[in-house]
Amino acid sequence: MRYDLVIFDNDGVLVDSEPISNQLLAACLTELGHPTSYEDSIRDYMGSAMHRVHDLVEERTGRRLPADFDDVFHARVFAAFERELKPVVGAMEVVEKLAADGVPYCVASSGSHERIRVGHRTTGFDRWFDDERIFSSQDVGRGKPAPDLFLYAAERMGVAPERCAVVEDSPLGVRAAVAAGMDVYGFTAMTPAGKLSAATGLFEDMGELVPLLS
């Protein structure tokens with residue numbers, strides 16, 4: 001393995017949550033008078049922390065979202081996760097391979113700690129990610145595309161940024177990894193390759209990832 005640490009994004013990389021959460025986000029915003037399609041949500045919010053949703057809505061409309069927006073949205077998301085959430089095909093096998101080979105790994109997600117853990121419990125990733133391997137945008141002042149979260153994860157794991165590989169599926173995440181001085185591999189299952197063109201390498205199937213990292 002060429003890297004001393006592999007940092008995974010969570011939503012859309014480990015757990016197949018992006019279709020669920022973006023459909024619900026679009027519905028919640030539309031209900032509040034901010035018409036948003038699923039495609040709009042993917043384009044504007046995929047890979048971002050919740051503060052970006054609040055900031056963009058206020059910037060575009062001059063109106064703030066309700067104070068309980070995050071709580072209402074996450075309640076719907078977590079209920080849907082319990083019913084529907086599955087691992088990204090092949091992602092569990094990648095993590096198992098890294099663990100078997102003794103390669104350090106962690107997750108650094110724009111989602112909250114609660115969201116990460118609900119998703120991991122539902123899909124079985126909690127077996128592979130204990131608290132010391134989970135980092136959230138809640139841990140830093142700025143979420144992606146700022147590099148803060150990836151730099152924080154690397155520091156906590158004791159690895160220099162240039163020795164890290166990030167696995168991402170959103171343009172915001174790729175920008176954050178590049179800004180952190182890390183190699184980043186863009187997963188194109190949901191995101192057009194052209195939107196991840198700044199990545200070190202691209203892959204469409206999780207079966208291609210370990211060879212890219214080796």
Side-chain angles (χ1 to χ4, degrees), residues 1 3 5-22 25 41-43 45-49 52 77 81 84-99 103-130 133-137 139 143-145 147 149-150 152-154 157 164-178 180 182-193 195-214:
M1 187 69 62
Y3 301 98
L5 176 65
V6 179
I7 304 175
F8 291 96
D9 176 45
N10 190 56
D11 295 293
V13 170
L14 296 177
V15 298
D16 194 14
S17 54
E18 294 291 10
I20 298 171
S21 59
N22 281 283
L25 180 57
S41 184
I42 290 286
R43 181 194 66 227
Y45 304 121
M46 180 173 162
S48 65
R52 178 179 168 86
V77 168
F81 280 5
E84 306 171 38
L85 189 63
K86 299 288 188 295
V88 169
V89 174
M92 191 76 73
E93 290 76 10
V94 172
V95 175
E96 290 174 350
K97 172 66 172 169
L98 296 179
V103 179
Y105 62 89
C106 66
V107 62
S109 172
S110 292
S112 67
H113 277 282
E114 185 181 11
R115 176 179 172 134
I116 297 167
R117 285 165 172 79
V118 169
H120 284 193
R121 285 196 304 270
T122 304
T123 57
F125 275 109
D126 56 342
R127 175 184 175 190
W128 301 104
F129 289 88
D130 55 23
R133 297 180 189 268
I134 296 177
F135 305 100
S136 161
S137 61
D139 300 326
K144 305 169 188 176
L149 177 56
F150 290 136
Y152 176 75
M157 296 293 290
C164 297
V166 174
V167 185
E168 265 288 354
D169 71 329
S170 75
L172 292 176
V174 168
R175 284 169 56 193
V178 170
M182 300 175 180
D183 284 356
V184 53
Y185 294 90
F187 183 39
T188 62
M190 274 192 64
T191 307
K195 294 188 175 182
L196 304 179
S197 59
T200 308
L202 301 174
F203 66 105
E204 189 175 11
D205 185 284
M206 277 293 168
E208 305 168 31
L209 180 56
V210 171
L212 284 174
L213 299 173
S214 300

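The analysis underlying the following values was restricted to heavy atoms, covering all of them including side chains, and did not include hydrogens, waters or symmetry mates. Fair warning: this is a prediction, and the values are worked out from it, not measured in the lab.
Of all heavy-atom pairs between Pro171 and Leu196, the closest is N-CD2, 3.6 Å. Taking both residues in full, the closest heavy atoms of Met92 and Gly124 are given as CE-C, 4.0 Å, listed atom of the first, atom of the second, then distance. Shown here for Leu202 and Ala199, the closest heavy-atom pair between the two residues is CD2-CB, 3.9 Å.
One distance of note links NZ of Lys144 with CG of Asp9; it measures 3.5 Å at 0.5 Å rounding. Separation of atoms CD1 (Ile7) and CG (Asp183) is listed at 11.0 Å; rounding is to 0.5 Å. Here the CG atom belonging to Leu25 is positioned 9.5 Å from the CD1 atom belonging to Ile42, to the nearest 0.5 angstrom. Expressed to the nearest 0.5 Å, how far CG of Asp11 lies from CD of Glu18 amounts to 5.0 Å. Note that NE2 of His120 and CG of Asn10 are 3.5 Å apart. Values are rounded to the nearest 0.5 Å. For the atom pair CZ (Phe125) and CZ (Arg133), the distance works out to 13.0 Å, reported to the nearest 0.5 Å.
Using a 4.5 Å heavy-atom cutoff, the side chains of Val13 and Met206 are in contact. Proximity of Phe150 to Val184: side-chain heavy atoms (C-beta onward) are nowhere separated by under 4.5 Å. For the pair Leu98/Val6, a side-chain contact is recorded, criterion being any heavy-atom separation below 4.5 Å from C-beta on. Residues Leu14 and Val95 have side chains in contact (heavy-atom distance under 4.5 Å, counting atoms from C-beta outward). Looking at Ile116 and Ser136, their side chains come closer than 4.5 Å, going by heavy atoms from C-beta outward.
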Side-chain polar contacts of residues 185-193 - donor-acceptor pairs under 3.5 angstrom, sequence neighbours left out - could you list them?
from: Tyr185; atom 1: OH; to: Arg2; atom 2: NH2; distance (Å): 3.0
from: Tyr185; atom 1: OH; to: Tyr3; atom 2: OH; distance (Å): 2.5
from: Thr188; atom 1: OG1; to: Phe203; atom 2: O; distance (Å): 3.2
from: Thr191; atom 1: OG1; to: Asp169; atom 2: O; distance (Å): 2.6

Please set out all donor-acceptor pairs under 3.5 angstrom arising from side-chain atoms of residues 103-113, sequence neighbours excluded.
from: Tyr105; atom 1: OH; to: Trp128; atom 2: O; distance (Å): 2.7
from: Ser109; atom 1: OG; to: Gly111; atom 2: N; distance (Å): 2.9
from: Ser110; atom 1: OG; to: Gly47; atom 2: O; distance (Å): 2.8
from: Ser112; atom 1: OG; to: Arg115; atom 2: N; distance (Å): 3.0
from: His113; atom 1: ND1; to: Arg117; atom 2: NH1; distance (Å): 2.8
from: His113; atom 1: NE2; to: Asp139; atom 2: OD1; distance (Å): 2.9
from: His113; atom 1: NE2; to: Asp139; atom 2: OD2; distance (Å): 3.1

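For Tyr45, there are no ring-ring contact (aromatic ring centres under 6.0 Å, His included) partners two or more places apart in sequence or in a different chain. Applying the salt bridge (charged side-chain N to carboxylate O under 4.0 Å, His left out) criterion to Lys97, with sequence neighbours excluded, gives Asp101. The ring-ring contact (aromatic ring centres under 6.0 Å, His included) search around Phe135 returns Tyr152, not counting sequence neighbours. Ser41 meets the side-chain hydrogen bond (donor to acceptor under 3.5 Å, both in side chains) test with Asn22; sequence neighbours excluded. A search for side-chain hydrogen bond (donor to acceptor under 3.5 Å, both in side chains) contacts involving Ser137 returns nothing, not counting sequence neighbours.
Each side chain to side chain donor-acceptor pair (under 3.5 Å) pair with one or both residues in residues 203-214, not counting sequence neighbours, would appear here, but there are none. The salt bridge (Lys or Arg N to Asp or Glu O under 4.0 Å) pairs that include a residue from residues 118-127 number zero, where partners must be two or more places apart or lie in different chains.
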Evaluation steps, side chain to side chain contact (heavy atoms under 4.5 Å, CB included), between Val94 and Phe8: CA-CA 11 Å; Val94 172; Phe8 291 96; 4.0 Å; yes

Is there a side chain to side chain contact (heavy atoms under 4.5 Å, CB included) between Arg175 and Val178 once you walk through the steps? CA-CA 5 Å; Arg175 284 169 56 193; Val178 170; 5.9 Å; no

Carefully, step by step, assess Thr122 and Val15 under the rule side chain to side chain contact (heavy atoms under 4.5 Å, CB included). CA-CA 9 Å; Thr122 304; Val15 298; over 6 Å; no

